[in-house]
Amino acid sequence: MNNPLSHYFINSSHNTYLDGHQLNGTSSCEAYIRALLQGCRCIEIDCWDGTLGEVINVYHGHTLTTKLDFTEVIYTIRDYAFRTSLHPVIISIENHCSSSNQKLMAMKFLDFMGAKLCKENLVKTEGRARLPSPKELQGKIILKGTFKKKVKAAMATFPCEVRNIYCQIQVPCLFPFRQV
């Protein structure tokens, strides 16, 4: 596991939070636990603004699936990410949140993941000739995702550390990987 991360197939999960049908199934933190314990190294969080201000919901948008609290989801991921393997865990963020909730997401990732969170942008690092290897990223949680364009202007007001994690969330694709 010394080659660049992009040289490996990664066990991935789509709609990780769902137990059952993607139109009317139940969303569950147990689904994250199950995926991680079965060896998934790339899991998905679909994030949507909630109805109570700074609440972030995790669910399959525009469907009848149940909703999870974002905070509960990232606590679950943090607690189960490395129980079966020290290989890095990639969190694929499908982001549908307002700029204020995107900032809140970045702060929560920093607060709750601590030293496990990979704070380096793996794509846009000067002097890097290749991606790090799984061995170099052992025990790390990597964020990948997209953001709404209107948020770019608001980023200037974010604290530096939050801005750095926030920018990491915004990388459209950290590296090529294939769902298996």
Side-chain angles (χ1 to χ4, degrees), residues 1-17 29-47 56 58 68 70-95 97 102-148 151-152 155-156 158-180:
M1 299 302 267
N2 294 315
N3 290 317
L5 199 53
S6 58
H7 290 199
Y8 298 94
F9 286 99
I10 299 173
N11 187 354
S12 302
S13 171
H14 178 67
N15 293 342
T16 309
Y17 47 87
C29 282
E30 286 74 29
Y32 284 101
I33 294 168
R34 188 171 44 257
L36 290 166
L37 293 179
Q38 290 176 353
C40 279
R41 299 285 88 195
C42 182
I43 56 180
E44 182 181 39
I45 305 176
D46 288 9
C47 300
I56 302 168
V58 175
L68 295 171
F70 174 77
T71 303
E72 185 180 346
V73 169
I74 62 173
Y75 271 130
T76 300
I77 294 168
R78 179 199 65 193
D79 293 346
Y80 286 86
F82 303 108
R83 292 209 180 173
T84 59
S85 172
L86 285 177
H87 294 314
V89 169
I90 301 151
I91 299 176
S92 177
I93 302 166
E94 187 176 309
N95 190 351
C97 292
Q102 289 182 54
K103 180 179 177 182
L104 181 63
M105 284 170 52
M107 293 186 322
K108 286 187 177 197
F109 275 119
L110 281 167
D111 290 345
F112 301 154
M113 298 300 184
K116 292 179 183 180
L117 186 63
C118 179
K119 296 178 181 135
E120 177 185 359
N121 186 321
L122 300 181
V123 175
K124 297 180 180 178
T125 301
E126 277 190 45
R128 180 184 300 284
R130 64 173 185 83
L131 289 170
S133 69
K135 185 175 183 179
E136 292 170 314
L137 293 168
Q138 278 189 341
K140 291 295 184 185
I141 294 173
I142 302 167
L143 304 177
K144 81 170 192 77
T146 57
F147 70 106
K148 294 179 179 180
V151 175
K152 280 186 178 179
M155 283 177 42
F158 294 1
C160 184
E161 190 173 35
V162 171
R163 188 170 49 247
N164 290 344
I165 291 300
Y166 187 85
C167 288
Q168 184 178 345
I169 294 171
Q170 312 323 316
V171 178
C173 185
L174 287 179
F175 47 84
F177 66 91
R178 183 174 173 182
Q179 291 188 345
V180 241

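One is the number of the first residue; the rest follow in order along the sequence. Everything numeric in this text was worked out from a predicted model, so none of it was measured.
Taking all atoms of both residues into account, the shortest heavy-atom contact from L5 to P88 is CD1-CG, 4.3 Å. Y32 approaches L68 most closely through the heavy-atom pair CE1-CD1, 4.4 Å. Heavy-atom minimum distance, V89 versus F82: CG2-CE2, 4.0 Å. Taking all atoms of both residues into account, the shortest heavy-atom contact from M105 to C47 is CE-SG, 3.9 Å. When every heavy atom of C40 is checked against every heavy atom of S13, the shortest pair comes out as SG-CB, 3.9 Å. Pairing each heavy atom of L37 with each of R83, the nearest pair is CD2-CB, 4.0 Å.
Under the salt bridge (Lys or Arg N to Asp or Glu O under 4.0 Å) criterion, the residue pairs touching residues 29-39 are D19-R34, with sequence neighbours excluded. Within the structure, salt bridge (Lys or Arg N to Asp or Glu O under 4.0 Å) contacts touching residues 71-80 (residues at least two apart or in different chains) do not occur.
I141 places none of its side-chain heavy atoms less than 4.5 Å from the side chain of F109. A heavy-atom distance below 4.5 Å is found between the side chains of M113 and I74. Residues L36 and T84 fail the side-chain proximity criterion, which asks for heavy atoms closer than 4.5 Å.
Atoms CE and CD, on M107 and Q102 in that order, are 12.5 Å from each other to the nearest 0.5 Å. The CG atom of N11 sits 10.5 Å away from the CD1 atom of I90 when rounded to the nearest 0.5 Å. To the nearest 0.5 Å, the span separating NZ on K135 from CG on N3 amounts to 12.0 Å. With values rounded to the nearest 0.5 angstrom, H14 atom NE2 is found 11.0 Å from C42 atom SG. Here Q138 contributes atom CD and H87 contributes atom NE2; the two are 7.0 Å apart, rounded to the nearest 0.5 Å. Atom CD1 of I10 sits about 11.0 Å away from atom OG of S92, to the nearest 0.5 Å.
Residues satisfying the side-chain contact (heavy atoms from CB on, under 4.5 Å) criterion with N15, sequence neighbours excluded, are Y17, L18, Q22, E44, D46, H60.
Without hydrogens or angle criteria, K140 side chain to A115 main chain gives a donor-acceptor distance under 3.5 Å.
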Step-by-step side chain to side chain contact (heavy atoms under 4.5 Å, CB included) determination, C118 to L143 = CA-CA 8 Å; C118 179; L143 304 177; over 6 Å; no
